[in-house]
Number of protein chains: 2
Amino acid sequence: MIQTPRGTRDFLPEVMIRRNWLLDTIRSVFERFGFDPLETPAFESWELLARKGVGGEEIKNEIYYFKDKSDRELGLRFDLTVPMARVVANNPQLVLPFRRYQIGRVWRYDRPGAGRYREFWQADVDIVGSAAMDADAECITAAVAALKELGFRDFQVRLNSRKILNGLVEYAKVPKEKMADVFRSLDKLEKIGEKGVLEELSEKGIEKKKSEELLKLIGLKGRPEDILKKERERLKGVKAAEEGIAELEQVLRKARVYGIDGMITVDFSLVRGLDYYTGPIFEISVKTKQNVGSVSGGGRYDKLIGLYGGKDLPAVGISLGVERLYEIMEAEGMFRVPATLTRAFVVAVGDSVRDEAIRVARQLREKGISVQSDAGGRDMRKQLEYANRKGIPYAVFVGEKELKSGKLVLKDMKSGKQVALDIGSVVRRLGKTDK
Amino acid sequence: MIQTPRGTRDFLPEVMIRRNWLLDTIRSVFERFGFDPLETPAFESWELLARKGVGGEEIKNEIYYFKDKSDRELGLRFDLTVPMARVVANNPQLVLPFRRYQIGRVWRYDRPGAGRYREFWQADVDIVGSAAMDADAECITAAVAALKELGFRDFQVRLNSRKILNGLVEYAKVPKEKMADVFRSLDKLEKIGEKGVLEELSEKGIEKKKSEELLKLIGLKGRPEDILKKERERLKGVKAAEEGIAELEQVLRKARVYGIDGMITVDFSLVRGLDYYTGPIFEISVKTKQNVGSVSGGGRYDKLIGLYGGKDLPAVGISLGVERLYEIMEAEGMFRVPATLTRAFVVAVGDSVRDEAIRVARQLREKGISVQSDAGGRDMRKQLEYANRKGIPYAVFVGEKELKSGKLVLKDMKSGKQVALDIGSVVRRLGKTDK
């Protein structure tokens, strides 16, 4: 048996119907927010992915890198933001702000584990060309709206700013070359605790007093407005921090207009992995009976597009993690979709009416109903057994009697109830979804 | 400027909106025919793709082959049939017949040219587990229905059988090892003419008399039933051919029931490239003002699944070539979709009403209308200029006056007509599509 490559999966129909519902729902919300679709190739020039400030050469260990037959260096895309930045840099004719969504697969050469795959799907919206914090608030709002449409009710949006983080390390006099390292340690606060972070920072050569000060500054809790006020007092004179705080206040102000302010907390310990963020960063978690999980994240990256030869263009975006969403929704029983998209099986009662059954199926399809008829010479019992095993909700019987009377027998496969109806009534009955 | 890798493309929003409409339309028709969705990884084990009878080792030159960091040999999928065959072989629990559709990208390392890309999309339906010719007829019907739904009116379905082709070369006493070669020459009949084919066959060591006989046998024209009858007389006693002819008669009989018989011609020169076909093969062309182009093809492959360790399972399928369809539809002006999915831009008339404009946009979105409002601090003129350049059909004005009167001004951006309406009427007006 030849398996799927390590870290990749097949999605059989029952799962795919759910995934399609999930992706279609996200897409429809993104479209409602005025984002238009974009698609880019599965692989990109290695040069693009490895650019300093994006992936860097180190990324070769984390992605699928290969050469084509002309020795061109390529890599499977590891996110949807970098390809989009290239598109914008290459297409100066695009009307700004450029608002696009993109839903598709990306690949990372991670160690596969629970919920971690080498091939997975993301769903992104981005606004390019607006420096106003309205755009940040709107991206968060669009993601929240998508989560609501999927059925989630309880969210937490954690908000921070790269500028504030930069201000913090400036304040703590962390040398510039150690900044990224320090962020990585701070990012582990929830995982390894204060003590763990202090140890890591000490190993990285940061003074104990400075480290403790840093932890205090990122540990502030309370109403977003209050925290920002407190942080501003403490970091008075640190320009980057002051700028970042003013931006977050703007985001919060707009969040009230967008109606999502109630779910926002400011969390100075939020770091987010990627190098290219320059302003506000955010992460959305959903609370369910069983757990709280981050399902979405993003931020502002005003320098990324400039890296690709275009002029610098302010940009902000957010990404929904499709795999994580799918798993939570599955665990919580949130999918309200059938096991098969087929509404009815048109049963040929005997051999003499096989062609008639196909004709009835044709008529139902012409009315937009999804139906199957037998395409394999099965007898009535076998046809019904198949319909049953597939979970097809209705059977429509076509026999000599039905043809004579002009009425078809419609059977609800679950309840077993049968009723004789003309074809118009069958169409009406099958056209309704059972919820 | 970093371009997309050779043979691949970006799809900017205007194009993507058309492509999505194309793919969504195909998908909805496939679902109406009772096919459920399947998804498989972008890359597969090299072992799978290179299996004898599928791609063979030679295929390494025609696809993207690479190794992962553990030296596993992998390749980007070159079609959707081979991965599906693996899925069926690996999942004996699947209810048969297994009917699935799959729409997605595939990759081939072809020389890029007009309409030929290294990354392109296919849309397939397959029925696994039915040996009856009903299944072949149904796959063709589903493809024709999809083409109709896309707006095509004039089709030609060319039908042949690998069994008949095998019978023909048996009849012409072509040695078995030369069969594939002979097929390849016959396949070029339209391109290089009878003379060209005769030359090629002679180079391949086939007697001239035999070659002429072959050409006569594959050149029969006329009503499908008549041609099959004639061919049967000529190939009397050649078992493979007799079987193939009987099968095509069955396909034709069912095609009548499915209502597609009028568009079918039998064409013994149809070969189709892939090695794995075993029975009926078919190709669909669409006729438009400007040309006739093959847009779909498929056939029966009863031995493919057995190659992957499962037991032999009869199977048949058809594939729609998305790129070819897109190009023809574009050339013929067949797309009836807008340049942007946004229905209206909610214009903030002045700075004092910015928040109110966002709130109106929220209300419209809650009613399912796709709208944008300003997220970049633009003045009214700039907002309108943007809406205009994007081709957004309506503008909704929010100003002090509108807020006081409770009526919004709705402007048709094309005609310039304006009308003051309450928000309910705006929703109704925007909810209708302009066709």
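Here is how names work: the chains are called A, B, and so on, in the same order as the sequence lines, proteins then strands, and each is numbered from 1. All heavy atoms count here, side chains included; hydrogens, waters and symmetry mates do not. Just so it is clear, the model here is predicted, and its values are computed rather than measured.
Highest contact tally toward chain A, considering only B/Leu74, B/Ile17, B/Val29, is held by B/Ile17 [criterion: heavy-atom pairs under 4.5 Å]. Your options are B/Ala137, B/Ala361, B/Gly377, B/Gly259, and the one with the most heavy-atom pairs under 4.5 Å with chain A is B/Gly259. In terms of heavy-atom pairs under 4.5 Å with chain A, the best-connected choice from B/Val371, B/Thr342, B/Val257 is B/Val257. Of the residues considered (A/Arg362, A/Glu119, A/Arg359), A/Arg362 shows the highest number of contacts with chain B, using heavy-atom pairs under 4.5 Å. For chain B, the option among A/Lys254, A/Lys67, A/Met133 with the highest count of heavy-atom pairs below 4.5 Å is A/Lys254. Counting heavy-atom pairs closer than 4.5 Å to chain B, the top residue among A/Ala89, A/Ser28, A/Pro97 is A/Pro97. Interface remark: of the candidates A/Arg9, A/Lys390, A/Arg118, A/Arg27, A/Arg27 forms the most heavy-atom pairs closer than 4.5 Å to chain B. Taking chain B as the reference chain and counting heavy-atom pairs below 4.5 Å, the highest number among A/Gly129, A/Gly309, A/Ala135 is found for A/Ala135. Most heavy-atom pairs under 4.5 Å with chain A: of the set B/Asp136, B/Val15, B/Asp374, B/Asn20, this distinction falls to B/Asn20. Counting heavy-atom pairs under 4.5 Å between each of A/Ile127, A/Asp68, A/Leu364, A/Ile392 and chain B puts A/Asp68 at the top. Most heavy-atom pairs under 4.5 Å with chain A: of the set B/Phe98, B/Tyr308, B/Tyr258, this distinction falls to B/Tyr258.
Screening A/Phe66, A/Tyr109, A/Phe43, A/Tyr65 for a ring-ring contact (aromatic ring centres under 6.0 Å, His included) involving B/Phe66 leaves a single residue, A/Phe66. With respect to B/Glu39, the salt bridge (Lys or Arg N to Asp or Glu O under 4.0 Å) criterion is satisfied by exactly one of A/Arg105, A/Arg18, A/Arg19: A/Arg105.
Counting all heavy atoms, side chain and backbone alike, B/Ala339 lies closest to A/Asp36 at O-OD2, 4.3 Å. When every heavy atom of B/Pro5 is checked against every heavy atom of A/Ser45, the shortest pair comes out as CG-N, 3.8 Å. The minimum heavy-atom distance linking A/Ile369 with B/Arg32 is given by the pair O-CG, 3.4 Å. Of all heavy-atom pairs between A/Pro37 and B/Leu341, the closest is CD-CD1, 4.0 Å. Across all their heavy atoms, B/Gly376 and A/Ser130 have their closest contact at CA-OG, 3.3 Å. Between B/Asn90 and A/Ile2, the shortest heavy-atom contact is ND2-O, 2.8 Å.
Using a 4.5 Å cut-off between heavy atoms, B/Asn61 touches chain A through its backbone atoms (N, CA, C, O) alone. Of the two parts of B/Ala131, neither the backbone nor the side chain holds a non-hydrogen atom closer than 4.5 Å to a non-hydrogen atom of chain A. Of the two parts of B/Leu96, only the backbone, made up of N, CA, C and O, holds a non-hydrogen atom closer than 4.5 Å to a non-hydrogen atom of chain A. In this structure, chain A has heavy atoms under 4.5 Å from both the backbone and the side chain of B/Glu47. For A/Glu149, no part lies near chain B; criterion is any non-hydrogen pair under 4.5 Å. Of the atoms belonging to B/Arg72, it is side-chain heavy atoms, and not backbone ones, that fall under 4.5 Å from chain A. When heavy atoms are compared at a cutoff of 4.5 Å, B/Arg378 approaches chain A solely by way of its side chain, counted from C-beta outward. B/Glu31 touches chain A through backbone and side chain together, each having a heavy atom under 4.5 Å away. Residue B/Phe345: no heavy atom, backbone or side chain, is found under 4.5 Å from chain A. Proximity to chain A (any heavy atom under 4.5 Å) is shown, for B/Glu366, by neither the backbone nor the side chain. Proximity to chain B involves both the backbone and the side chain of A/Gln3, based on heavy atoms less than 4.5 angstrom apart. Heavy atoms closer than 4.5 Å to chain A are found in the backbone of B/Ile63, but not in its side chain.
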(request) Applying side chain to side chain contact (heavy atoms under 4.5 Å, CB included), run through B/Thr40 and A/Thr4 and close with a yes or a no. (result) CA-CA 8 Å; B/Thr40 62; A/Thr4 58; over 6 Å; no
(request) Test B/Asp10 against A/Arg86 for salt bridge (Lys or Arg N to Asp or Glu O under 4.0 Å), laying out the working first. (result) CA-CA 10 Å; B/Asp10 292 322; A/Arg86 177 187 51 68; 2.7 Å; yes
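B/Asp24 contributes atom CG, which lies 7.5 Å from atom CG of A/Asp24 (distance to the nearest 0.5 angstrom).
Shown here is A/Glu14, whose CD atom has no more than 12 heavy atoms of other residues, nucleotides or ligands within 6.0 Å. Annotation for B/Lys69: atom NZ counts as buried by contact number, over 12 foreign heavy atoms lying within 6.0 Å. Few gaps surround NZ on A/Lys60; more than 12 heavy atoms of other groups in view lie less than 6.0 Å from it.
For A/Arg365 and B/Phe33, the positive end sits near the middle of the six-membered ring, less than 6.0 Å away and at most 45° from its axis.
Ion pair B/Arg256/A/Asp355 not flagged as a salt bridge, since none of the NZ, NE, NH1 or NH2 atoms sits closer than 4.0 Å to an Asp/Glu carboxylate oxygen. Ion pairing of A/Arg354 with B/Asp134 is absent here, as no side-chain N (NZ or NE/NH1/NH2) approaches a carboxylate O to less than 4.0 Å.
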